[in-house]
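Atoms within each ligand, like the ligands themselves, are counted from 1 in listed order.
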Amino acid sequence: MRVIIKPDYESVSAWAAEYIVSKINAFAPTENKKFVLGLPTGSTPLGVYRELIKMYKEGKVSFENVITFNMDEYVGLPADHPQSYHYFMFENFFNHIDIKKENIHILDGMAKDAQLECENYEKAIAGCGGIDLFLGGIGEDGHIAFNEPFSSLTSRTRIKTLTSDTIKVNSRFFDYDISKVPTRAMTVGVGTIMDAKEVIILANGVKKAKAIYHGIEGAVSHKWTISVLQNHQHGIIVCDNEAASELEPDTIKYFKDIEK
Ligand code: GLP
């Protein structure tokens, strides 16, 4: 695992955006060979999206031949609901770049047959040859996508019931009204994320410090689903000093030294 520790949120976002752009450009995607990018929502990736939009506008990257798959979506929120992850993605990223609409994939939280929707999502990912790079954030309890604690570490795309902790944390997007937060979500599984050729997880702020500690220094455990990244051949955690603040000084020294 690589761990990149940056001083603040801005430098975390800039590092991740530059890394993603370098990967897309090295891949040199074409109409017949598209780059497949997995994407998250949440407040953490907003800085990366801003940087990617800036780099697109400066002509440093194109998303014309990039296919995207989002991690998750709330069950029961239509695409035009301001708190749906559909709405979030178009508002904060897709509307500002040259991605083709047909290359965007987001789970449909209103699907009549949710199970089938999840199965088809896995098939669509496989049909594109798998995900080249999956970008993600983490919850305070270490969840990746909506894979709450004790999710199977080999899970696939499915419906998950959200924990009361996650509902409480996410209520900030719903006027702090817990009753407005959907109680279920569709999410790619831990196994789906682990199948990506590369995974980058972002974390900033002291609220994520415990999850980062368990993800990096703890044992691989379904209690902290982020910890499974230890088993990925190309896993990268990019975090700021605050999120790294529960790591042992030796751990921080090791990762800083090796990245010099
Ligand atoms: C939600 C999302 C996750 C995200 C997490 C953290 O639970 N399903 O994908 O990583 O929130 O969000 P934030 O970045 O706002 O802290």
With [atom] as the reference point, say which of [options] has the nearest heavy atom.
atom	options	answer
atom 16 (O) of ligand 1	Met71, Lys207, Lys208	Lys208
atom 8 (N) of ligand 1	Thr41, Asn147, Asp72	Asp72
atom 6 (C) of ligand 1	Ile138, Leu39, Thr44	Ile138

Do Thr30 and Asn65 have side-chain N/O donor and acceptor atoms under 3.5 Å apart?
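There is no such pair between these side chains.
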
For Ser13 and Glu51, which I'm curious about, is there any donor-acceptor pair between the side chains at under 3.5 Å?
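Looking only at side-chain atoms, Glu51 and Ser13 do not form any donor-acceptor pair under 3.5 Å.
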
Using the ring of Phe27 (Phe, Tyr or Trp, six-membered ring only), decide whether Lys33 places NZ or CZ under 6.0 Å from its centre and within 45 degrees of its axis.
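Yes, Lys33 lies over the aromatic ring of Phe27.
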
Once you measure the plane-to-plane angle for Phe90 and Phe94, does it fall in the parallel (<30°), tilted (30-60°) or perpendicular (>60°) bin?
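Perpendicular.
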
Is the ring pair Phe146/Tyr74 parallel, tilted or perpendicular, if the boundaries are 30 and 60 degrees?
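Rings of Phe146 and Tyr74: tilted, 30 to 60°.
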
For ligand 1, which atoms, with element, lie under 4.0 Å from some heavy atom of [X]?
X	answer
Asn170	1 (C), 7 (O)
Ser43	13 (P), 14 (O), 15 (O), 16 (O)
Phe146	1 (C), 7 (O), 8 (N)
Gly137	10 (O)
Gly42	14 (O), 15 (O)
Arg172	13 (P), 15 (O), 16 (O)

Give the residue, atom name and distance (to 0.1 Å) of the protein heavy atom nearest atom 3 (C) of ligand 1.
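The answer is Ala145 O, 3.5 Å.
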
Considering non-hydrogen atoms of the protein only, which is the closest contact for atom 11 (O) of ligand 1, and what is the distance?
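Looking only at protein heavy atoms, the one closest to atom 11 (O) of ligand 1 is His143 NE2, 4.1 Å.
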
All pairs passing salt bridge (charged side-chain N to carboxylate O under 4.0 Å, His left out) where residues 112-128 contributes a residue, at least two apart
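Residue pairs passing salt bridge (charged side-chain N to carboxylate O under 4.0 Å, His left out), neighbours aside: Glu122-Arg156.
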
So which heavy atom on Met1 is nearest to which on Val3, and how close?
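Nearest heavy atoms, Met1 then Val3: SD-CG2, 3.8 Å.
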
Between Arg172 and Val169, is there a donor-acceptor pair closer than 3.5 Å when you use the side chain of the first and the backbone of the second?
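Confirmed, Arg172 side chain pairs with Val169 backbone.
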
Side chain, backbone, both or neither: the part of Glu140 lying under 4.0 Å from ligand 1 by heavy atom:
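For Glu140, there is no contact with ligand 1 at all, from either part.
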
